[in-house]
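First up is the structure itself, then whatever we jot down about it.
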There are 2 protein chains.
Amino acid sequence: MPSKPLAGRLPEPPSPIADDGDETRFCGTCAFSSACIAAGYDKPELAELQCLVEHVGPFRAGEHIFRTGDPFRAIFAVRAGTVKTRMVDKEGREQVLGFYLPGEVIGLNAIYPEHFPCDAVALDTAYFCRFSFPAMSALASRIPAVQQHLFRMLSKELGTASLLAGDHSADERVAAFLMDLAGRYAVRGFSATRFHLSMSRGDIANYLRLAAETVSRVLSRFRSQQLIEIEGRELELLNPKKLREIGQALLPE
Amino acid sequence: MPSKPLAGRLPEPPSPIADDGDETRFCGTCAFSSACIAAGYDKPELAELQCLVEHVGPFRAGEHIFRTGDPFRAIFAVRAGTVKTRMVDKEGREQVLGFYLPGEVIGLNAIYPEHFPCDAVALDTAYFCRFSFPAMSALASRIPAVQQHLFRMLSKELGTASLLAGDHSADERVAAFLMDLAGRYAVRGFSATRFHLSMSRGDIANYLRLAAETVSRVLSRFRSQQLIEIEGRELELLNPKKLREIGQALLPE
DNA sequence: AGGATGCCTTGATCCGGGTCAATTCGCACG
DNA sequence: CGTGCGAATTGACCCGGATCAAGGCATCCT
């Protein structure tokens, strides 16, 4: 069954929203929060972090945050909403690289080429913190915790990228995908067993290198096996243990 | 036909060897050379770079440079020889993550987890420069070029990792693999049309998420189509243009 | 309201590449 | 100098998931 309306698709983001923060208290759920805490909220460097960050948005579903080929000047932390990144080859085939939830960071893969190698597209109404990268790396030079944080984020993304590459069955991929999302929501303090899928079946399938029909079939089977409850894009994990087991080959630890 | 002997498998590495360098002139083909040059060879910082680097090796074919779970203390630049990195899941299935040629760097994916998430195994006799990572990041704080170089390497590896993930035919994968190797040899100043494959068909297949038999078949077909000449592990690219065309979806640019 | 559109689901069919198997070759080793 | 073992090649067969097709059900437009 198709999705039910959420809230009439209004300005306010339907998915979990990260703490907005104010001048002195920086977004609590942001990917940089740990770096900030390590640096110490009272340190003068924090003032600089405030300087190099800029709140942008809202972007509506389908709008681009950046496009392939745009010169790389900044990275973006998702403040609210969901984003997919994708490459489009010259035959027009789309390739979804990843989905990003509140608190996560996009644009890191543009450092090397110095131009964005992919598009970033909002899946629902989304807000961001924009970090000037030159300013950021200058700051990283002076605050080891910031530098380390950047290294860690890059290295982490490297780890997840290589997991997807393995040859795994459709069941493994879908189960791992659901558990991965659940874990990421949990880290940010949201429910790990009930959440909304902001992306279409087609996007999920593309990301997992499957056909949309296959994703649909697997989800239907998982439902009939009492592993999940799903109605449109509203999802509940009924048996996370079993799901983790199925997807274990694709999951960390 | 299987491989022909190269040089009797003796201490000296059979594959291209990077410039060994001495106290003041650091390995010319090393991945860090550009950072060094940017910093200036005469700068006192270079002395520190000399301090934090340590030449290790030789490792013989099959020996581990590091193992899954080892605490992360250093990254390694390949000085000579070839390395594969791989993960082994708990069912014992191997997953090849990448091959590394002289001048390239392994271990970056360990920064985040702080333990190596994979094994690194020498494919032939191999030598390395070992860079203490704490020292390296301390240096990165003081020399922007070093920091930027680390960022770039991480970001670059991120880009290549996501290419493999796409769903592509066996022909595309194999062609792209060969052209990628050719390009990487060319960058380091080696022949881009004739080179030795240090890895087995099985490793290639595993890396490309194919069966060894499929790789073998594709190579045979490429040979019958006059695209390559191959005997055992000695390879010559007869029609790089066509190969690039076949593999374009997986290749940069 | 009526029609168009996009997303999702489900069924039927097909094919690329995996799996199994046999053979050959080269090399290490007793 | 066999002998055994691993890597590579080639053939025969099969299966998971892609593709094609049809139908349902929302939302959006006019």
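Rounded to whole Å, atom C1' of dA8(D) lies 17 Å from atom CZ of R221(B). At whole-Å resolution of the value, CZ in R223(B) and P in dT9(D) are 7 Å apart. I230(B) places its CD1 atom 15 Å from the C1' atom of dT10(D), with the value rounded to the nearest Å. A straight line from CG of N206(B) to C1' of dA7(D) spans 15 Å, rounded to a whole angstrom. Atom P of nucleotide dG6(C) and atom CZ of R233(A) are separated by 14 Å, given to the nearest angstrom. Following rounding to the nearest Å, E231(A) (CD) and dA26(D) (C1') show an atom-to-atom distance of 12 Å. When the P atom of dA7(D) is taken as reference, atom CZ of R201(B) falls 12 Å away, rounded to whole Å. Between the CE atom of M199(A) and the C1' atom of dC7(C) there is a distance of 15 Å, rounded to whole Å.
Under the side chain to side chain contact (heavy atoms under 4.5 Å, CB included) test applied with R173(B), the options V218(B), L250(B), L178(B), I204(B) reduce to a single match, L250(B). When each of E229(A), E234(A), E236(A) is paired with R194(A), the side-chain hydrogen bond (donor to acceptor under 3.5 Å, both in side chains) condition holds for E236(A) and for no other.
S220(B) has a side-chain polar atom (N or O) that falls below the 4.0 Å cut-off from OP1 or OP2 of dT10(D).
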Distance-only donor-acceptor hits, side chain of residues 68-76 of chain A, under 3.5 Å, sequence neighbours excluded:
residue : atom : partner : partner atom : Å
T68(A)  : OG1  : D119(A) : N            : 3.4
T68(A)  : OG1  : D119(A) : OD1          : 3.0
D70(A)  : OD2  : R67(A)  : N            : 2.8

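Here the straight-line distance linking atom CZ of F99(B) with atom CG of L181(B) works out to 8.0 Å at 0.5 Å rounding.
Between Y185(A) and F195(A), the ring planes are tilted. Angles from 30° to 60° get that label.
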B/S/- contact track for nucleotides 15-22 of chain C, protein heavy atom under 4.0 Å
--SSBBB-

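Using a 4.5 Å heavy-atom cutoff, the side chains of L208(A) and T214(A) are not in contact.
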